[in-house]
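For reference, positions follow the sequence shown, starting with 1. Source: prediction; values computed, not measured.
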Amino acid sequence: MRRVHVLACAAVLPVTLLTACSNRDNDLYTYYDEPTATTTVPMTSAQAAAAVTTTTTTARQATPASIVESASMTAADLVEEEVQAVGVPAQNTVQALHCGFHLETGFDATRLTKWRYASGATLDQYVVHAEDAVDTTTGIDPKTCPKQGPNRVEDGIPATALSALSGVDAQVSWCAPGAAKPQCTLVLAEGELATAVTVEAASTSRARTALVRVAPKAAAALSRES
């Protein structure tokens, strides 16, 4: 009887050991299951429509006011000129250019920014958003100004100094004695935007030289997206 008992214990022992090797069920199919794969849930049609609507709304946020602001030269644009801002930009003002020229016929927004050089010379930029910006600029003819008095035009900026600027639809420039100091003005237009940049300095030569330097920066700002 004792021999039978020993054999019985020996037969039970392997089962006991196998059971003790793991605290989980002894199921080979469960034990060797593959890791659960990560799945990507596709965007629903409603979510896609919401994303498109958000993007479209953001793109439509540009207003005439933001457009003229974007087309205005900044301190970063004029860093090489070493100018300082004078006051804050004026919004929706009517600014007469030399000889009584105007850019804001039927305008949606305007912006006037003033800068000053260390020498005392000044740089003004007037930006206008209007449907007829190109036609208005093309219609400016300095030759129609008086031949005498402060409103007379001395000369334009020579083509050798300022060639046609890239990306603009209309361009005109001139120099004049001004009310206090000589000044040179450049007017550019592209689409529904026009910008007039005027430099007033101690001499016509200095005003012209500064305006020639600034002209490409004004043209680039005019093409800048808001």
As an exercise, state the distance from CG of L165 to NZ of K217, rounded to the nearest 0.5 Å.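 Output value for this atom pair is 11.5 Å.
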Measuring only between side-chain heavy atoms, which start at C-beta, is V172 closer than 4.5 Å to P142?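 Yes, close enough: below the 4.5 Å cut-off.
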Could you tell me whether the side chain of L123 reaches within less than 4.5 Å of the side chain of Y117, counting heavy atoms only?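 Sidechains of L123 and Y117: in contact.
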Residues that A96 engages under side-chain contact (heavy atoms from CB on, under 4.5 Å), provided they are two or more places apart: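 side-chain contact (heavy atoms from CB on, under 4.5 Å) check on A96 returns H102.
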R116: partners by side-chain hydrogen bond (donor to acceptor under 3.5 Å, both in side chains), with sequence neighbours left out: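 Here no residue qualifies.
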Pairing residues for E192 by the side-chain hydrogen bond (donor to acceptor under 3.5 Å, both in side chains) criterion, not counting sequence neighbours: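 With sequence neighbours excluded, E192 shows a side-chain hydrogen bond (donor to acceptor under 3.5 Å, both in side chains) to H129, given in chain and number order.
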Counting only heavy atoms not in Q84, do more than 12 fall under 6.0 Å of its CD?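 No - once you tally the heavy atoms of other residues, nucleotides and ligands closer than 6.0 Å, there are 12 at most.
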Do [X] side-chain atoms and [Y] backbone N/O form a donor-acceptor pair below 3.5 Å?
X	Y	result
T110	T93	yes
R224	S72	yes
T137	A133	yes
Y126	Q95	yes

Side-chain atoms of residues 206-214: list all donor-acceptor pairs with protein atoms under 3.5 Å, sequence neighbours left out, distances to 0.1 Å.
{"unit_1": "R208", "atom_1": "NH2", "unit_2": "D155", "atom_2": "OD1", "d": "2.9"}
{"unit_1": "R208", "atom_1": "NH2", "unit_2": "D155", "atom_2": "OD2", "d": "3.1"}
{"unit_1": "T209", "atom_1": "OG1", "unit_2": "S205", "atom_2": "O", "d": "2.9"}
{"unit_1": "R213", "atom_1": "NE", "unit_2": "E81", "atom_2": "OE2", "d": "3.0"}
{"unit_1": "R213", "atom_1": "NH2", "unit_2": "E81", "atom_2": "OE1", "d": "2.9"}

Measure across W174 and H98 and return the closest heavy-atom pair with its distance rounded to 0.1 Å.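 Shortest heavy-atom contact: NE1-CD2, 3.4 Å.
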Check the pair L97, L103 against side-chain contact (heavy atoms from CB on, under 4.5 Å), reporting the backbone distance first and the verdict last. CA-CA 8 Å; L97 304 180; L103 295 178; 4.0 Å; yes
According to the salt bridge (Lys or Arg N to Asp or Glu O under 4.0 Å) rule, which pairs have a member within residues 124-136, sequence neighbours left out?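 Qualifying pairs: K114-D124.
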Pairing donors with acceptors under 3.5 angstrom, does anything connect the side chains of T74 and D77?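 Looking only at side-chain atoms, D77 and T74 do form a donor-acceptor pair, the distance falling under 3.5 Å.
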Determine whether the side chains of Q125 and T195 contain a donor N or O and an acceptor N or O closer than 3.5 Å.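 Side chains of Q125 and T195: pair found under 3.5 Å.
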side-chain contact (heavy atoms from CB on, under 4.5 Å), that's the test. Do R111 and V128 meet it? Break it down for me. CA-CA 7 Å; R111 183 181 176 91; V128 176; over 6 Å; no
N/O donor-acceptor pairs under 3.5 Å from side chains in residues 180-191, not counting sequence neighbours:
{"unit_1": "Q183", "atom_1": "NE2", "unit_2": "E200", "atom_2": "OE2", "d": "3.4"}
{"unit_1": "T185", "atom_1": "OG1", "unit_2": "T198", "atom_2": "OG1", "d": "2.9"}
{"unit_1": "E190", "atom_1": "OE1", "unit_2": "S223", "atom_2": "OG", "d": "2.8"}

Given I67 and L193, is the side-chain contact (heavy atoms from CB on, under 4.5 Å) satisfied, shown in steps? CA-CA 9 Å; I67 292 172; L193 277 174; 3.7 Å; yes
